[in-house]
Amino acid sequence: MDDGVLKEILKGIKGFRDYYPADFAKVNYILDIMKKVSESFGYEEYEGPSLEYAKLIEIKSGEEILEETFIVKGKDDRKLVLRPEQTPTLARMIVNEQQRYPKPIRWFSIPRIFRNETPQKGRVREFFQFNADIIGVDHPAADAEIIALTCNIIKTSGLKDGEFICVINSRELVQSYIEYLGIENYLDVIKVLDSKEKYIQDFIVEELLEKKFTASKAKEIATFVRLKKQKKEKEFPNLSNKDKEYINYYYELSPEIEKQKIIETLIKIGLDEEIAEKVYFFSKTKGTPSFFLEEISKLDLGEKASLALEKLRELAIYLEYFGVINNCEYNASIARGLDYYTGIVYEFFDRTGSVVRAIAGGGRYDQLVSSFGGEKIPATGIGMGETVLMAILEDLGRLPTYCQKVDFYVAPVNKKVIKEAADITARLRKEFRVLFNPFGWKLSNQLEDAAARKIKHMIIVGKRELEQNKVTLRNLETGEQTLLPIEGIEDELRKIVNTE
RNA sequence: GCCCCGAUAGUUUAGUGGCUAGAAUUGAGGAUUGUGGCUCCUUAGAUGCAGGUUCAAAUCCUGCUCGGGGCACCA
């Protein structure tokens, strides 16, 4: 094999990560919190296979999703996929065995998830995704509990109030209202509302082209306008004053453009002007839950949408009970891509300006389980990758510094006492994490070794001490040494480990 | 899939077409057979890949790969 090819191979696959001990410790810091907090909420851990039939994903999430999955061929030619999400697997498991478990089922899982997308900040092709679900109750308190659980994990990891936000909406509310207005193609409308930023960009480019700007210049200015809104303009120098004037001009104008373009596009897909305006104003509503509920209830909603609004009202009560309502915002424009979501949907975002992407997202999927056959089982749940949260914590410097997890380094001073040192080590390992050096190294080298590993305590085993049935305990940070009797040494060591 | 920036030992980096690519740190061995983090010695280790221009390329050009940032997408 030639060197070029070999080098490529050694680099590993694009978007996949090697976790060296210090890296894996960071990942585990977050995964441990996910696990501990979930257990503190009474959730049970489950796991599924890494591979599923492509059909399983396709049925539930649509065929286009398969374009971004890794496809594997099974022996019988059936297409298999490396799981791009955990929910279909969970739904499958529930369909098969649901009668065994008392409802509601509260389960969590931290599977490795695979997505064949372009890597960028907070996005890789293989990652750990925390999933928590409540299955078997159709009650807003279940959604509130999932949101509270997620808030708890995010806060325990190191983000503070105000550094993240949970944005909540109800698909039922949006859909019922749009249908109440007499619109049939509800999904088309959602799509338009979702792409509002794109319409603004297109409008600016179009207008600048008419003013004889080059295409690339026009696009550049449009991009700057968007970045100015995200407060990131400082990253872009080298602009003429004339360009800056245009950016400010369109920046000021963009709310107006947004309104005009969205209404225009809605009319284009068949809505009356009056209806299009109603849809636009509805979709713009957002703010604290109480503000949102008040604003929306002013509208003429119709029966179904009113019911959906009642559920959001009830949800707010439980968010309040669970102490997370200040971390939440209601917003009529968030949709979430997945088709299987039916009611309340929620999405967590960073507020520190570190990452634009969502930290976590989830919602209610009352039809998913029944669509695999069997009775209707309501469910709600969240998915949270470890990468985005980790990128934010990394930027804020809130990840703990790494050190090797060893309580004691056992150092025999010469080859003659290795057996005795090994016996002591075996005893201590029943209770402590002990690194033993059986290689017959000189003591000075062992001290250096322990220091390089940042291990705090060394137990020195030598002939002099053994003659009085003792060993030396050395604190490697202070250099302090004490002689300890081997008999009952665990009690002394326990004190030291517990005070740290 | 698109756009911008980048790539020199494990890591941080020097080197603006010209001597054998230089250093720090890390790794390995030793000075030192019971007390370290100091010092000293020895040793190992790099121009991402493939072409092109040139007497001469780490340096200039093209393509690719990988990384970073952004767009689109985002279960």
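Every chain is numbered from 1, with letters handed out A, B, ... down the list of sequences. Predicted model only: the values in this text are computed from it and were never measured.
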Which nucleotide sits closest to the side chain of A:Lys121: B:G69, B:C74, B:G36? B:G69
Partner of B:G67 under the Watson-Crick or G-U wobble criteria, both distances under 3.5 Å, comes out as B:C5
Integer angstrom distance from the P of B:C4 to that of B:C61: 15 Å
Atom CZ of A:Arg83 to atom P of B:C74: distance rounded to whole Å? 22 Å
Determine the interatomic distance between P on B:A58 and the same-named atom on B:G37; round to the nearest Å. 42 Å
Watson-Crick or G-U wobble partner for B:A72, using a 3.5 Å limit on both distances? none
Using whole Å, report how far OH of A:Tyr346 lies from C1' of B:A75. 14 Å
A:Arg453 CZ to B:G37 P: how many Å, rounded? 17 Å
Between A:Lys442 (NZ) and B:U35 (C1'), how many Å, whole number? 12 Å
Checking all strands, does A:Gly385 fall into the base, sugar-phosphate, or nothing category for heavy-atom contacts under 4.0 angstrom? nothing
By the 4.0 Å heavy-atom rule, please label A:Gln446 as base, sugar-phosphate, or nothing. nothing
Between A:Arg115 and A:Ala452, just flag the one whose closest nucleotide in RNA chain B comes earlier from the 5' side. A:Ala452
Under the 3.5 angstrom rule, does the side chain of A:Asn331 hit a backbone N or O of A:Ser333 as a donor-acceptor pair? yes
Roughly how many Å apart are B:G17 and B:C74, using the P atom of each and rounding to a whole number? 48 Å
Under 4.0 angstrom, heavy atoms only, what part of the nucleic acid is A:Ile113 near: base, sugar-phosphate, or nothing? nothing
Hey, does A:Lys415 reach any base, or is it just sugar-phosphate, or nothing, if we go heavy atoms under 4.0 Å? nothing
Nearest whole Å is fine: how far is B:C66 P from A:Phe16 CZ? 12 Å
Interatomic distance at P, B:A7 relative to B:G48, whole Å: 9 Å
For B:C55 and B:C49, measure between their C1' atoms and round to the nearest Å. 26 Å
Whole angstrom value for the distance that separates P of B:G34 from CH2 of A:Trp441: 16 Å
What nucleotide among B:C74, B:U35, B:U32 has an atom nearest to a side-chain atom of A:Leu447? B:U35
Out of B:U32, B:C74, B:G34, which has the shortest distance to the side chain of A:Arg464? B:G34
With both distances under 3.5 Å as the test, what is the Watson-Crick or G-U wobble partner of B:A14? none
Examine the base of B:G34 for any acceptor or donor lying under 3.5 Å from a partner atom in the side chain of A:Glu465, and report the outcome as yes or no. yes
What's the gap between B:G70 and B:A46 when it is taken at their C1' atoms, as a whole Å value? 31 Å
Can you tell me which nucleotide in B:G34, B:C73, B:C71 comes closest to the side chain of A:Val413? B:G34
Between atom CG in A:Asn445 and atom P in B:G29, what is the gap in whole Å? 9 Å
Whole-angstrom distance between B:A57 and B:G18, as gauged at atom C1': 10 Å
Does A:Ile71 offer a backbone N or O that forms a donor-acceptor pair with the side chain of A:Thr69 under 3.5 Å? no
Separation of A:Leu473 atom CG from B:G34 atom P, in whole Å? 20 Å
Taking the side chain of A:Pro84 as heavy atoms from C-beta outward, which of B:C71, B:G34, B:A75 is closest to it? B:A75
Would you say the side-chain atoms of A:Ser370 pair up with the backbone N or O of A:Lys376, donor to acceptor, closer than 3.5 Å? no
Side chain of A:Thr472, heavy atoms from C-beta onward: which of B:G36, B:G34, B:A72 has the nearest atom to it? B:G34
When only distance counts, do a donor and an acceptor, one from the side chain of A:Ser444 and one from the base of B:G34, lie under 3.5 Å apart? no
So which nucleotide does B:G45 pair with, by the Watson-Crick or G-U wobble rule with both distances under 3.5 Å? none
Considering heavy-atom distances to RNA chain B, does A:Gly361 or A:Arg474 have its closest nucleotide positioned more toward the 5' end? A:Arg474
Under a 3.5 Å cutoff, is there a donor and acceptor pairing between the side chains of A:Glu145 and A:Tyr43? yes
In this structure, is the centre-to-centre distance between the rings of A:Phe372 and A:Tyr365 below 6.0 Å? no
Can we call the ring centroids of A:Tyr19 and A:Phe24 under 6.0 Å apart? yes
Hey, does the side chain of A:Gln446 reach the backbone of A:Trp441 with a donor-acceptor pair shorter than 3.5 angstrom? yes
Among B:U35, B:C71, B:G1, find the nucleotide with the atom closest to the side chain of A:Thr118. B:G1
Any strand: nucleotide that pairs with B:U62 via Watson-Crick or wobble, under 3.5 Å: B:A50
Side-chain donor/acceptor contact of A:Glu68 with base of B:A75 under 3.5 Å: yes
Reckon A:Lys14 has a side-chain N or O less than 4.0 Å from the OP1 or OP2 of B:C66? yes
Among A:Asp138, A:Asp143, A:Asp366, A:Thr342, find the one that has a side chain to side chain donor-acceptor pair (under 3.5 Å) with A:Thr380. A:Asp143
Who pairs with B:G34 - Watson-Crick or G-U, where each distance is under 3.5 Å: none
Any idea which of B:C74, B:C2, B:G36 is nearest the A:Ala451 side chain? B:G36
Can you tell me, in whole Å, how much space there is between the C1' of B:A50 and that of B:A14? 27 Å
